[in-house]
K.L.:
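Submitted below is the structure of interest, expressed as structure tokens.
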Amino acid sequence: MKTLTIVLTDGPYISEYAEIACKLAENALERYQVNIFLYLDAVHIPKKGQIPSFFTSAGELFTGLAKKGAVIRACARCAAARGYIAEEETVNGSNCKDYFPGIKITSLYELSEMLSKSDRVISLPR
Amino acid sequence: MKTLTIVLTDGPYISEYAEIACKLAENALERYQVNIFLYLDAVHIPKKGQIPSFFTSAGELFTGLAKKGAVIRACARCAAARGYIAEEETVNGSNCKDYFPGIKITSLYELSEMLSKSDRVISLPR
Amino acid sequence: MKREEYDIFLLTKPPFSPRSELCLKLAARSGNARLYLAGDGVYYLLSGIEELPGYKVYACQEDLEARAIGDREKVTVPDNFYAVFIEDMMEHCKCAYTF
Amino acid sequence: MKREEYDIFLLTKPPFSPRSELCLKLAARSGNARLYLAGDGVYYLLSGIEELPGYKVYACQEDLEARAIGDREKVTVPDNFYAVFIEDMMEHCKCAYTF
Amino acid sequence: MKSVFYLLDTAPYGSEKAFGALNAAAVSLNRMHVTLGLYGDGVYLVAAGQDSRKLGVPNLSDILYSYGELRVLVHEPSLFERGLFGETLIETVELVDEEDFLEAMESSDCVLVF
Amino acid sequence: MKSVFYLLDTAPYGSEKAFGALNAAAVSLNRMHVTLGLYGDGVYLVAAGQDSRKLGVPNLSDILYSYGELRVLVHEPSLFERGLFGETLIETVELVDEEDFLEAMESSDCVLVF
């Protein structure tokens with residue numbers, strides 16, 4: 001199976017890249033392996049408790065993608081700086097109690113692993 | 001006493017505006033009333049638990065400003081969208097359990113009140 | 001698997017940004033390019049971008065509607081923009097770039 | 001309190017951005033402007049910006065050092081950039097703009 | 001401050017800034033004299049007939065219409081450059097040349113950039 | 001993917017993007033052929049003698065030096081435009097014209113934009 005990796009650097013709502021990534025991933029998941037690496041501000045995307053009055057919850061969208069098989073990882077350095085701390089234990093596919101299920105904090109080395117194993121890569125920076 | 005209002009729209013680390021705002025506010029607080037309104041992504045600034053390996057914690061900086069008298073408020077709509085929920089009770093000067101002390105979530109109307117009572121206004125968008 | 005000899009470009013930035021200009025430079029060099037416009041990239045349609053030999057342009061319907069950009073000639077608006085793009089990227093194109 | 005007749009501009013964007021160009025347009029119209037360069041705004045010193053009659057330029061020392069921009073003539077680098085800026089903005093200038 | 005000029009130079013929908021600027025301008029209306037200045041990519045906001053239902057985000061032209069008392073200035077050169085001149089535009093806005101645009105900024109007590 | 005091209009077109013220090021691109025490029029070095037391409041405002045990264053201690057942020061030129069094996073291409077026209085040509089530059093970088101810059105992007109298996 002071919003693999004697509006999507007790299008995001010923006011947080012939710014401020015730009016539409018979380019939503020565009022989601023549409024790309026939804027379509028790709030029907031036939032391909034999809035990886036999403038959350039870098040820089042994108043580590044805010046999986047935060048629990050989002051109640052956007054006028055938008056779709058980015059956290060809900062991404063946990064939905066994880067449920068459908070997308071591998072979603074957040075950069076540990078970026079996450080820790082922004083207050084999302086990786087714990088030893090993984091519960092519901094996540095090692096961060098502030099994150100939605102299925103989304104894990106990992107080292108940046110995981111990005112290079114994802115890239116090296118991918119057939120296509122998409123980056124969506126602001 | 002004259003009043004300075006600073007409006008921020010970026011989250012911490014991704015841009016240097018949180019730090020620049022802090023330097024401006026530090027200097028202004030010696031003689032003036034300082035208001036800071038956190039709008040859009042800037043509502044991430046007061047999040048507890050930030051552990052930046054290579055930068056100064058923006059949350060610590062801003063709670064320090066609040067301690068010195070700065071009035072710091074975050075937009076309720078932007079905050080809720082990003083998972084920061086205002087509670088009824090105010091503890092340690094904050095009505096959000098995820099926020100550092102001294103920083104409150106309020107309605108956007110507070111921005112217009114701040115502006116109308118200010119002698120000078122600075123906006124620092126990316 | 002045989003790949004057709006074209007490159008695809010997903011552009012989500014409006015005109016006048018250095019990044020979109022870089023994207024268009026690469027597309028012009030490709031000789032056989034498919035430009036996929038989504039998000040603010042669809043504003044390029046107001047600047048008169050159009051399909052030419054060796055240069056196909058696709059635009060995303062929901063982004064056109066949100067931004068009030070009416071139907072344009074010489075541009076393809078697929079029913080499911082993202083499905084078409086993914087298929088094209090994963091199966092058919094030579095190189096893929098996103099800006 | 002008497003205010004001197006000059007305007008101040010805090011610019012934190014690098015050259016070539018539409019926003020910094022708008023800032024410089026306003027400064028040029030002012031006739032008596034003080035341009036405070038901080039953050040990426042200090043990159044303007046590489047573009048040869050300098051003080052002229054009715055146009056003073058201040059730059060932030062720590063931003064110059066980080067970005068490896070050496071001493072420039074015809075530009076003022078105060079010991080405490082932000083203190084000078086705040087005093088100027090709150091007490092002396094006519095209008096204040098930040099870009 | 002008795003008057004505020006909100007400067008928007010970012011395209012709508014691609015970022016939250018247009019929505020943010022509109023909301024901020026709207027809440028200031030009862031207290032201050034408010035101008036929303038559209039410059040650069042901000043001018044895309046005035047295209048008439050926006051329909052954002054399929055994107056699932058607020059319709060920004062509806063917001064503009066619902067605050068008819070908001071003064072909206074559009075920087076004409078930016079509009080020209082972007083090929084918007086032949087398009088149908090929202091009627092409640094004022095097209096102004098660069099001189100008038102800059103003058104409106106200068107005559108406001110403060111400028112907030114988005 | 002055997003090769004990756006990191007494109008940085010944002011100025012250092014003003015945003016975290018330069019730091020992010022450098023770190024991402026560095027961790028890819030052992031697995032892939034990595035090129036960091038500096039374009040537009042990204043070229044400011046190559047000024048020699050950066051000292052970020054007073055800003056309290058990482059020194060980005062030190063990071064560049066400590067990954068000597070990283071191939072860094074600098075888009076010469078961007079450098080010229082920004083008045084950096086007379087300045088002392090970090091020696092480990094390669095100045096290339098637009099043709100070579102675009103060709104390096106085309107010959108990489110993927111391009112990641114920052």
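Chain naming here is simple, since letters A, B, ... match the order of the sequence lines and numbering starts at 1 in each.
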K.L.:
Kindly indicate whether the side chain of F:Tyr13, heavy atoms from C-beta on, has any atom under 4.5 Å from the side chain of D:Arg67.
P.N.:
yes
K.L.:
Between F:Gly83, F:Pro12, F:Ala48, which residue shows the highest count of heavy-atom pairs closer than 4.5 Å to chain D?
P.N.:
F:Pro12
K.L.:
Identify the heavy atoms of D:Phe16 and F:Glu81 that sit nearest to each other, and give their distance.
P.N.:
CZ-O, 3.3 Å
K.L.:
Hey, what do you get for CG (F:Leu55) to SG (D:Cys60), rounding to the nearest 0.5 Å?
P.N.:
7.0 Å
K.L.:
Please classify the contact between F:Asp51 and chain D as side chain, backbone, both or neither, with a heavy-atom cut-off of under 4.5 Å.
P.N.:
both
K.L.:
Evaluate the side chain to side chain contact (heavy atoms under 4.5 Å, CB included) criterion for residues D:Leu46 and F:Tyr44: first the C-alpha distance (whole Å), next the side-chain angles of each, then the deciding distance (0.1 Å), finally the verdict.
P.N.:
CA-CA 10 Å; D:Leu46 295 175; F:Tyr44 287 123; 3.8 Å; yes
K.L.:
With sequence neighbours left out, what residues match D:Thr76 under side chain to side chain contact (heavy atoms under 4.5 Å, CB included)?
P.N.:
D:Glu51, D:Lys56, D:Tyr58
K.L.:
Could you grab the distance from atom CD of D:Glu62 to atom CZ of F:Arg53, nearest 0.5 Å is fine?
P.N.:
13.5 Å
K.L.:
Considering only NZ, NE, NH1 and NH2 on the basic side and carboxylate oxygens on the acidic side, decide whether D:Arg72 and F:Glu87 come within less than 4.0 Å.
P.N.:
yes
K.L.:
Mind ranking D:Ala66, D:Ala68, D:Ser17 by heavy-atom pairs under 4.5 Å with chain F and telling me who comes out on top?
P.N.:
D:Ala66
K.L.:
A quick test of your reading: do over 12 heavy atoms of other residues, nucleotides or ligands sit less than 6.0 Å from NZ of D:Lys25?
P.N.:
yes
K.L.:
Which atoms form the tightest heavy-atom contact between D:Pro15 and F:Asp41, and what is the distance?
P.N.:
O-OD1, 4.1 Å
K.L.:
Any non-hydrogen side-chain atom of D:Ile69 less than 4.5 Å from a side-chain atom of F:Gln50?
P.N.:
no
